[in-house]
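Indexing begins at 1, ligand by ligand and atom by atom, following the structure's order.
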Amino acid sequence: MPWPSETQRDTEVFGLIDKERERQNTGLQLIASENFTSPDVMEATGSVLTNKYAEGYPGKRYYGGNAVVDDIEALAIERVKKLFGAEHANVQPHSGASANMAVYLGLIKPGDTVLGLSLDHGGHLTHGSPVNASGILYNFQSFRVGATDERLDFDQIRDLAIKHKPKMIVAGTTSYPRRLEPQPFRAIADEVGALMMFDIAHIAGLVAGGAHPNPVPYADVVTFTTHKTLRGPRGGCILTTAAHAAAIDKAVFPGSQGGPLEHAVAAKAVAFHEAMQPSFKDYAQQIVKNASALAEALSKQGFRLVSGGTDTHMMVVDLQPFDAELTGKESQLVLDEAGITLNKNNIPNDPRSPFVTSGVRIGTPAVTTQGMKEPEMALIAEYIATTLRNRNNPAAVAEVRAKVAALCAKFPVYPKRA
Ligand SMILES: *Cc1c(COP(=O)(O)O)cnc(C)c1O
């Protein structure tokens, strides 16, 4: 059977992909959980591996024809274990959420108590949101950041751990700009006899590149996404000690997934290879330097940084001191008009709802991949402030849009068709 000919090609979808490529190439991508993957990662993602069924694990598959796939998955496992110094790895989770659900399924029982960071203080949906399976199936209790310093308060976490006696403590965040030291979590987990899970979805690339402490030596289980700072394909991964290896593997397959996405597993292997190169250390350091530079430039423009700044790839910006009327929702919309893409975000103890918010979250992984450095961060802060100050002046916003496009043209991500 021939493939559909050129004349029958789905020009609708490919036309839209071209439009999206254009959007990514001509605007500033400041969503803290996004990045640009390498052409090699994309090539693996779009490879013939998408055709293969491989339920099971290397050497133990339910289907034939998996000799090559076994080699690919084994390579991904070997590389990620080396990259993070882990005893065991499962590279099959389809996403970060799937990885987290598999950990809960494998290591605790429905109804068990778990302690995690409150969502509106920087925790993730899968850390016990009432609308997420984690919050529906397990009894999540939350800790919050300190009222004055907006940082994790280990005295509070310890008190809650003693009070609630959780089976598991979940460390890890989705919008918290500071370093997360693993040792205090380990000490509290040991004191109350809890397992310790560390979700490094956002910071996996910083950990791999040596720009953030590695929790693997301290945690029972570490989960992450491969598509954020780690700069791989969309997907998840679980690292564990040998003691929990069998339970985790069983919880991923057959516990919560069917056939693995081996094209994504191959692309993860490519990303792990890239993250092992010396240049990735430079990349991780530059992400953090850029975030610091951007945070400083934004505070000079009159914004307040939650917790006073950042040690990572991201910052949460409190808009209230800049303009008490301005919401995160409106900022996100008008900045999009100016070609600056970021997301609204609650600040700790936000008076506004999660759909409106008083803050925005900004991250530097993608612009750092493009090659931007500190001087460009100062420009970005200026463009953000100018757009927000002139949010009711379309001509001024269009002027920023042109400047943003000119800046991005100097840092092409995918010069040719990717
Ligand atoms: C992004 C994120 C996840 C979920 O990842 P998905 O791939 O979107 O399911 C889980 N935990 C944390 C902390 C995250 O930031």
Side-chain angles (χ1 to χ4, degrees), residues 29-35 37 41 45 80 90-105 114-129 131-135 138 140 142-145 152 168-180 182 185 196-208 212-216 219 221-239 248 251-252 256-257 260-261 264-265 267-268 271 287 291 310 312-316 342-346 354 361-366:
Q29 309 305 324
L30 296 175
I31 292 181
S33 50
E34 291 184 355
N35 211 331
T37 56
V41 165
T45 308
V80 76
N90 188 306
V91 295
Q92 291 190 4
H94 301 331
S95 66
S98 308
N100 289 353
M101 287 313 296
V103 170
Y104 304 145
L105 180 70
V114 187
L115 189 60
L117 176 60
S118 169
L119 256 60
D120 51 356
H121 282 215
H124 190 258
L125 199 64
T126 56
H127 300 178
S129 160
V131 296
N132 182 264
S134 58
Y138 306 97
F140 266 83
S142 298
F143 48 90
R144 305 168 73 74
V145 297
L152 292 185
M168 179 183 280
I169 297 177
V170 177
T173 62
T174 199
S175 58
Y176 179 76
R178 296 298 182 176
R179 278 162 75 103
L180 293 166
F185 281 107
M196 173 184 167
M197 164 175 153
F198 214 119
D199 178 351
I200 57 168
H202 261 266
I203 55 174
L206 301 184
V207 171
H212 188 283
N214 182 5
V216 168
V221 52
V222 171
T223 61
F224 59 94
T225 56
T226 46
H227 50 274
K228 297 180 184 173
T229 50
L230 194 57
R231 213 163 63 177
R234 306 201 73 78
C237 185
I238 306 174
L239 307 174
I248 290 295
V252 173
S256 56
Q257 291 190 171
L261 313 177
V265 169
K268 287 173 193 176
I287 292 176
T310 174
T312 63
H313 63 298
M314 74 151 78
M315 63 215 73
V316 180
L342 45 67
N343 63 282
K344 62 179 181 278
N345 208 95
N346 275 128
R361 187 184 69 164
I362 304 182
T364 54

Tell me, do Val80 and Cys237 make a side-chain contact under 4.5 Å, heavy atoms counted? yes
Over 60° means perpendicular and under 30° means parallel, so tell me whether Tyr104 and Phe140 are parallel, tilted or perpendicular. perpendicular
Could you state the interatomic distance from [atom1] ([X]) to [atom2] ([Y]), rounded to the nearest 0.5 Å?
X: Leu152; Y: Arg179; atom1: CG; atom2: CZ; value: 13.0 Å
X: Phe198; Y: Thr173; atom1: CZ; atom2: OG1; value: 8.0 Å
X: Met314; Y: Leu30; atom1: CE; atom2: CG; value: 12.5 Å

Is at least one protein non-hydrogen atom found at under 4.0 angstrom from atom 8 (O) of ligand 1? no
Which segment of Arg234 sits under 4.0 Å of ligand 1 when only heavy atoms are counted: neither
For [X], the ligand 1 atoms whose distance to one of its heavy atoms is below 4.0 Å:
X: His202; result: 15 (O)
X: Gly96; result: 4 (C), 5 (O), 6 (P), 7 (O), 9 (O)
X: Thr174; result: 14 (C), 15 (O)
X: Ser95; result: 7 (O), 9 (O)
X: His227; result: 7 (O)
X: Asn100; result: 10 (C), 11 (N)
X: Ala97; result: 4 (C), 5 (O), 6 (P), 9 (O)

Stepwise, does the side chain to side chain contact (heavy atoms under 4.5 Å, CB included) test hold for Arg361 with Thr174? CA-CA 10 Å; Arg361 187 184 69 164; Thr174 199; 3.8 Å; yes
Test of proximity, Gly235 against ligand 1: N or O pairs below 3.5 Å: no
His127 versus ligand 1: do any nitrogen or oxygen atoms come within less than 3.5 Å of each other? no
What is the nearest protein non-hydrogen atom to [atom], stated with its residue, atom name and distance?
atom: atom 11 (N) of ligand 1; value: Asp199 OD2, 2.6 Å
atom: atom 5 (O) of ligand 1; value: Thr225 CG2, 3.2 Å
atom: atom 1 (C) of ligand 1; value: Lys228 NZ, 1.4 Å

Heavy-atom pair with the smallest gap, counting every atom of Thr312 and Tyr176: OG1-O, 4.4 Å
Shortest non-hydrogen contact from His313 to Ala291? C-CB, 3.9 Å
Asp199 and His124: CA distance, side-chain angles, deciding distance, side-chain hydrogen bond (donor to acceptor under 3.5 Å, both in side chains) verdict: CA-CA 9 Å; Asp199 178 351; His124 190 258; 5.2 Å; no
